[in-house]
Asker: 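Here it is, the structure in full.
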There are 2 protein chains.
Amino acid sequence: MREQILKARQAFYKIMQLSALRRAEILEEWAHLIETHSNELLAANNQDLAMIAAGDVSVSAAAKQRMKLDASKLSFIVKGVRDLAHQPDLIRVAIERTALDKDLVLTQIRVPLGVVAVVFEARPDVIPQILSLVLKSGNVVLLKGGREARLTNLAFMKLAHELSSRCPDLPVEWSLYFETREEFQQLLSFHDLIDLVIPRGGNELVQHVMNSTRIPVLGHADGVCHIFVERTADLAIALKVIVDSKQQYPAACNAVETILVDEAIATQFLPFLDAAATKARITLRACAKSIALLPSAQEMTEENWHIEYGDERLAVRIVQDITRAIEHINSYGSHHTDAIIAQNANRQAEFESAVDSACVFVNASTRFSDGYRFGKGAEVGISTSKLHARGPVGVEGLLTTKYILEGQGQVVADYVGPDARPFTHLPLKA
Amino acid sequence: MREQILKARQAFYKIMQLSALRRAEILEEWAHLIETHSNELLAANNQDLAMIAAGDVSVSAAAKQRMKLDASKLSFIVKGVRDLAHQPDLIRVAIERTALDKDLVLTQIRVPLGVVAVVFEARPDVIPQILSLVLKSGNVVLLKGGREARLTNLAFMKLAHELSSRCPDLPVEWSLYFETREEFQQLLSFHDLIDLVIPRGGNELVQHVMNSTRIPVLGHADGVCHIFVERTADLAIALKVIVDSKQQYPAACNAVETILVDEAIATQFLPFLDAAATKARITLRACAKSIALLPSAQEMTEENWHIEYGDERLAVRIVQDITRAIEHINSYGSHHTDAIIAQNANRQAEFESAVDSACVFVNASTRFSDGYRFGKGAEVGISTSKLHARGPVGVEGLLTTKYILEGQGQVVADYVGPDARPFTHLPLKA
């Protein structure tokens with residue numbers, strides 16, 4: 001297996017040099033291949049669905065719903081690939097340029113990252129999306145998909161190989177597929193050959209990957225998001241945002257789990273929240289202080305503030321003031337997405353500055369925390385790590401940087417000592 | 001110890017909110033403290049030197065030379081702190097601004113990183129430099145210094161505490177010092193509380209840190225740098241750059257270890273290199289092909305191409321062409337800094353694009369690979385990791401980003417489904 005990954009690294013060294021135009025052409029060819037092989041893809045997906053229906057593979061009810069590929073999903077995928085092909089290319093684009101001296105120019109550029117491993121569950125549209133992002137970013141990818149979409153995934157991989165045979169400058173190792181958990185586990189040990197792992201799936205998968213590799217992981221294990229209803233809040237906005245943040249898609253990582261309510265408005269606000277929650281089929285769980293104001297709620301204990309429900313349950317806690325709200329969020333949250341509902345600009349600014357999360361929102365649903373909604377086109381994932389990329393991550397998460405210094409024979413000895421030439425460090429247009 | 005680090009995290013939540021002006025004032029106070037306590041600092045350093053002289057602490061000859069602090073070094077340090085105080089502040093500065101819709105504006109800003117651990121050897125000027133960078137970047141720091149500079153380090157830490165008592169908004173836990181290896185080892189296990197580790201010292205120290213923690217590490221274990229003398233090279237430039245890249249400071253990570261020579265010019269170039277090396281007291285080690293052309297060289301075997309000499313030894317290998325040179329660099333190098341000497345623009349471009357290193361130079365000494373020379377003011381370290389920061393890293397390596405979304409009560413439900421409002425994703429001036 002190490003041999004295979006070494007070959008993938010060699011492939012990367014070729015692919016990272018492809019021009020922006022050439023990568024766009026390859027993406028067009030990729031779209032064309034998916035389009036002209038849709039019958040085979042749909043047939044493979046039908047076989048997967050039949051096996052799930054027959055009970056040969058067990059999946060959750062939610063996963064079952066997402067498993068179906070149809071003609072309209074496929075044409076949406078194809079459109080996505082074409083959109084990506086036409087998006088501005090970031091590779092070898094200068095970020096910064098500085099003249100260190102006359103004829104000695106330093107340029108920092110964006111370049112492909114390298115060998116990226118992606119492990120994903122269910123969702124047959126994940127594999128074409130990842131393959132497209134990898135082509136756009138000039139990387140190579142090691143994939144491990146779930147058993148429930150095995151035949152669909154293999155059908156896409158067949159096209160990935162076909163793409164390589166149609167494009168002689170795209171080595172076949174540009175994408176490798178691994179079927180078993182054992183193989184993937186082994187893969188996680190090659191930290192000297194793999195640059196990044198992206199787990200796309202549930203909490204358990206992400207935790208497992210984070211705990212079992214020295215390769216950097218892009219992702220988030222938890223999504224314990226908060227909304228703080230501050231005393232200057234517009235209460236109608238608060239209710240609307242809370243309901244959307246929970247009920248619009250309770251299983252999402254950016255759905256809200258805990259509402260913090262400023263004690264100054266608790267008596268006024270909580271009965272409204274109780275009614276709105278009941279109407280939206282949200283099940284409230286209340287702290288000892290708020291339980292009296294929330295007839296429909298169950299009481300909860302201190303220990304639960306860390307929990308990501310991922311369903312229609314929503315915790316409510318009364319806090320003394322904005323300082324206590326911020327303390328709660330920084331202690332119990334997962335530094336993913338947290339929002340304040342407030343009209344007072346100073347309180348908004350304090351919250352923005354003091355909450356240590358990837359995304360901090362004012363008067364908006366936590367559900368906006370998403371690559372597509374943020375305007376990134378395709379989303380690589382949402383990162384709660386503070387390094388490399390934080391928050392919703394687009395193609396830039398699959399890139400790194402490189403410094404290019406172009407000189408005419410300059411040496412450092414001329415810039416040190418008593419007669420040292422000074423550096424100019426003149427910023428140039430990037 | 002966990003308690004202490006938790007306190008440091010609490011301190012970070014306060015410090016990360018300090019304004020740019022306030023951080024500049026604190027840096028001014030810090031410069032003033034060092035200036036007015038220079039006698040105590042020099043006395044402590046003298047005691048360290050006396051212990052080394054008495055053989056109570058064993059250090060290498062090179063480290064011994066760097067250990068001495070004097071009035072001129074101290075005033076250079078103070079000047080550095082004042083320069084840093086006046087450098088443009090990056091914190092809360094917008095990187096990107098996008099209107100997702102009317103009155104729904106997304107801003108990505110730079111923010112402090114968190115709790116940073118730094119372990120360093122010898123060099124009494126490292127500690128004030130790190131403390132200054134930490135104040136500038138709004139982080140908190142856990143420090144572990146070497147025994148050889150123990151009293152000097154403790155004298156600086158005493159001033160760090162004094163700074164906190166003079167600035168009520170700077171909690172005393174802004175910098176914590178650990179004396180023993182055991183404490184530092186324990187510290188490396190708190191990956192949930194510490195955001196970054198920076199080892200500043202030799203290869204062995206860096207390797208040890210990288211192998212014993214799940215905390216992200218900023219640094220480089222090796223510096224196996226190459227210079228490729230391509231067939232279109234100006235040979236005078238080649239000799240000048242090679243001698244500088246090795247002899248200007250052989251122990252540095254950015255010093256060159258291997259010269260690759262295009263076989264088309266080997267016969268012509270190598271005798272010159274032999275003479276230049278002898279004159280500069282560089283000891284050549286030659287591949288089987290080049291040994292005949294390098295009378296002063298020793299022959300070396302294939303196995304050695306990975307070695308970082310860190311001294312006056314320099315390996316020489318004849319390669320068939322630029323493709324082989326690039327293959328050698330990507331296989332045996334440490335992706336730190338590699339240079340080509342060539343006049344042909346296409347060959348320069350090919351090398352820039354195909355060499356997978358943090359710094360790729362054309363006709364310039366590898367020794368330019370340095371934060372100060374790159375114009376970054378202070379240097380946090382040089383990173384060979386592809387994530388977060390790559391190459392020489394300035395203050396930006398101690399920062400992360402945060403997304404701020406400011407709305408008027410918008411919810412995601414309005415942007416999905418058949419009557420979905422479209423996103424505008426309009427780029428705004430940052």
Side-chain angles (χ1 to χ4, degrees), chain A residues 13 16-17 92 98 100 104 106 108 113-114 195-196 214 216 234 236-237 240-241 243-245 248 330 348 352-354 356-365 367-369 373-375 385-388 390-392 400-413 415-416 423 425, chain B residues 13 16-17 92 98 100 104 106 108 113-114 195-196 214 216 234 236-237 240-241 243-245 248 330 348 352-354 356-365 367-369 373-375 385-388 390-392 400-413 415-416 423 425:
Chain A
Y13 291 143
M16 74 175 190
Q17 297 180 66
R92 281 184 292 278
T98 312
L100 305 191
L104 185 64
L106 181 72
Q108 189 184 28
L113 190 65
D195 296 293
L196 187 68
R214 278 177 58 194
D234 175 322
I237 286 180
K240 189 176 154 202
V241 167
V243 169
D244 186 80
S245 297
Q248 210 263 328
N330 285 342
Q348 295 175 352
E352 288 177 358
S353 148
D356 186 28
S357 297
C359 301
V360 183
F361 291 0
V362 174
N363 295 331
S365 169
R367 293 273 299 125
F368 281 108
S369 188
R373 289 169 203 144
F374 275 16
S385 159
K386 289 186 171 181
L387 299 186
H388 187 54
R390 192 184 191 199
T400 182
T401 60
K402 189 195 246 185
Y403 283 107
I404 304 285
L405 180 67
E406 297 176 310
Q408 307 277 358
Q410 287 88 342
V411 294
V412 164
Y415 296 83
V416 294
F423 286 105
H425 292 148
Chain B
Y13 290 143
M16 73 175 190
Q17 297 181 65
R92 281 185 291 280
T98 313
L100 304 191
L104 186 63
L106 181 71
Q108 189 185 28
L113 190 64
D195 296 292
L196 187 68
R214 280 178 55 195
D234 175 322
I237 286 181
K240 189 175 154 202
V241 167
V243 168
D244 186 81
S245 297
Q248 209 265 327
N330 285 341
Q348 294 175 353
E352 287 177 359
S353 149
D356 186 28
S357 296
C359 302
V360 183
F361 291 0
V362 174
N363 296 331
S365 169
R367 293 272 300 125
F368 282 108
S369 188
R373 288 169 204 144
F374 274 17
S385 159
K386 287 185 170 183
L387 300 186
H388 188 55
R390 192 184 192 200
T400 181
T401 59
K402 187 195 247 186
Y403 282 108
I404 303 286
L405 180 66
E406 296 175 310
Q408 307 277 358
Q410 286 89 342
V411 293
V412 163
Y415 296 83
V416 294
F423 286 104
H425 290 149

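Source: prediction; values computed, not measured. Chain identifiers are assigned alphabetically (A, B, ...) following the order of the sequence lines, protein sequences preceding nucleic acid strands; residue numbering begins at 1 within each chain. Below, each value reflects all heavy atoms present in this structure, side chains not excepted, and no hydrogens, waters or symmetry copies.
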Asker: Among B/Thr400, B/Asp244, B/Val243, who wins on heavy-atom pairs under 4.5 Å with chain A?
Answerer: B/Asp244
Asker: Quick check: do B/Leu387 and A/Leu196 have side-chain heavy atoms less than 4.5 Å from each other?
Answerer: yes
Asker: Measuring heavy-atom distances to chain B, does A/Ile237 have an atom under 4.5 Å in its side chain, in its backbone, in both, or in neither?
Answerer: side chain
Asker: Sequence neighbours excluded, which residues qualify as ring-ring contact (aromatic ring centres under 6.0 Å, His included) partners of B/Tyr415?
Answerer: A/Phe368, B/Phe423
Asker: So for B/Val416, is it side chain, backbone, both, or neither that comes closer than 4.5 Å to the heavy atoms of chain A?
Answerer: side chain
Asker: Contact between B/Glu352 and A/Glu406 at the side-chain level, heavy atoms closer than 4.5 Å - yes or no?
Answerer: yes
Asker: Got a sec, which residues hit side chain to side chain donor-acceptor pair (under 3.5 Å) with A/Gln17, two or more places apart in sequence or on another chain?
Answerer: none
Asker: Heavy-atom pairs under 4.5 Å with chain B - which of A/Arg373, A/Lys240, A/Gln410, A/Gln408 has more of them than the others?
Answerer: A/Arg373
Asker: Find the distance between CG (B/Asn330) and CE (A/Met16) and round it off to the nearest 0.5 Å.
Answerer: 5.5 Å
Asker: So which of B/Ala236, B/Pro216, B/Ser245 has the largest heavy-atom pair count under 4.5 angstrom toward chain A?
Answerer: B/Pro216
Asker: Nearest 0.5 Å please: distance from the CZ atom of B/Arg390 over to the NE2 atom of A/His388.
Answerer: 11.5 Å
Asker: Which one, B/Val362, B/Val412, B/Asn363, leads in non-hydrogen pairs under 4.5 Å with chain A?
Answerer: B/Val412
Asker: Contact between B/Gln248 and A/Val411 at the side-chain level, heavy atoms closer than 4.5 Å - yes or no?
Answerer: no
Asker: What's the spacing between B/Ser357 OG and A/Lys402 NZ if we round to 0.5 Å?
Answerer: 7.5 Å
Asker: Is A/Phe361 close to chain B through its backbone or its side chain, or both, or neither, when contacts mean heavy atoms under 4.5 Å?
Answerer: both
Asker: Heavy-atom distance under 4.5 Å to chain B: side chain of A/Leu113, backbone, both or neither?
Answerer: both
Asker: Can you tell which part of A/Ser369 gets under 4.5 Å to a heavy atom of chain B, answering side chain, backbone, both or neither?
Answerer: neither
Asker: Side chain, backbone, both or neither: which part of A/Arg92 has an atom under 4.5 Å from a heavy atom of chain B?
Answerer: side chain
Asker: Can you tell me how far SG of B/Cys359 sits from CG of A/Leu106, rounded to the nearest 0.5 angstrom?
Answerer: 8.0 Å
Asker: So which atom in A/Val241 and which in B/Gly409 form the shortest heavy-atom distance, rounded to 0.1 Å?
Answerer: CG2-O, 3.9 Å
Asker: Quick one: which of A/Gly114, A/Ala358, A/Gly391 has the most heavy-atom pairs under 4.5 Å with chain B, could you say?
Answerer: A/Ala358
